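Reviewing the structure listed below.
All values derive from a computational prediction rather than experimental measurement. Below, each value reflects all heavy atoms present in this structure, side chains not excepted, and no hydrogens, waters or symmetry copies.
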Amino acid sequence: MRDERGSAGVLITTAMSIVLLIAFTFSATFIAWFAAARHAEQAAELAALAATSASVRGDAPCAAAADVARRNGVAVSGCDVRGGGRHVVVEVTVEAPLRPHLPGAPATFHRSATAGTGQE
């Protein structure tokens, strides 16, 4: 008959390693999601500022927002311009992919930002 002393320790160590691996994987996924959300917020803010600047220069604000958003890896899903010229307020909504994608989780998310000249 073989000596089975210590086999429970190996099983417990293996189980704990698997649980820790799963916990670290989910933690890394959520950290990546928060980083992507912050990047999208910054891209939305930059796009709104670019749209306001374009309006003040007499250019198309939503086209400027779309260009800046594209260069930052997101897409404009909404652009609302109130006023015009030097008296404008622009609200830009961007859509960004959510990676890594988990089954049952949304594939994209939206972030909005508003910029203006202070007078409408």
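Tracing side-chain contacts under 4.5 Å through hydrophobic residues (I, L, V, M, F, W, Y), one reaches F30 starting from L98; they form part of the same cluster. Residues V76 and V68 are members of separate hydrophobic clusters, defined by side-chain heavy-atom contacts under 4.5 angstrom among Ile, Leu, Val, Met, Phe, Trp and Tyr. Linking ILVMFWY side-chain heavy atoms closer than 4.5 Å, directly or via other members, places V19 and L11 in two distinct hydrophobic clusters.
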Output side-chain donor-acceptor pairs under 3.5 Å for residues 31-44, partner residues at least two apart or in another chain, one line each.
unit_1, atom_1, unit_2, atom_2, d
W33, NE1, P100, O, 3.0
R38, NH1, E41, OE1, 2.9
H39, NE2, N72, O, 2.6
E41, OE2, R111, NE, 3.4

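Residues G73 and P97 come closest through the heavy atom pair O-CD, 4.4 Å. The shortest non-hydrogen separation linking A65 to A51 is CB-CB, 3.9 Å. The shortest heavy-atom contact between A48 and V90 is CB-O, 4.2 Å. Pairing each heavy atom of T25 with each of L21, the nearest pair is OG1-O, 2.8 Å. Residue S112 comes nearest to T93 through the heavy atom pair OG-OG1, 2.9 Å, listed as atom of the first residue, atom of the second, then distance.
For the salt bridge (Lys or Arg N to Asp or Glu O under 4.0 Å) test, residues two or more places apart in sequence or in another chain that qualify with D67 are R70, R71. In this structure R99 satisfies the side chain to side chain donor-acceptor pair (under 3.5 Å) test with no other residue, sequence neighbours excluded. For T14, the side chain to side chain contact (heavy atoms under 4.5 Å, CB included) partners at least two apart in sequence or on another chain are V10, I18. Here S55 pairs with P61, V88 under the side chain to side chain contact (heavy atoms under 4.5 Å, CB included) rule; sequence neighbours left out.
Identified under the salt bridge (Lys or Arg N to Asp or Glu O under 4.0 Å) test for residues 44-60, with sequence neighbours left out: R57-D59.
The line from NE2 of H87 to OG1 of T117 is 6.5 Å long, rounded to the nearest 0.5 Å.
By the 4.5 Å heavy-atom criterion applied to side chains, C62 and V81 are counted as neighbours.
Summarising the local packing, CZ of F109 is surrounded by more than 12 heavy atoms from other residues, nucleotides or ligands at distances under 6.0 Å.
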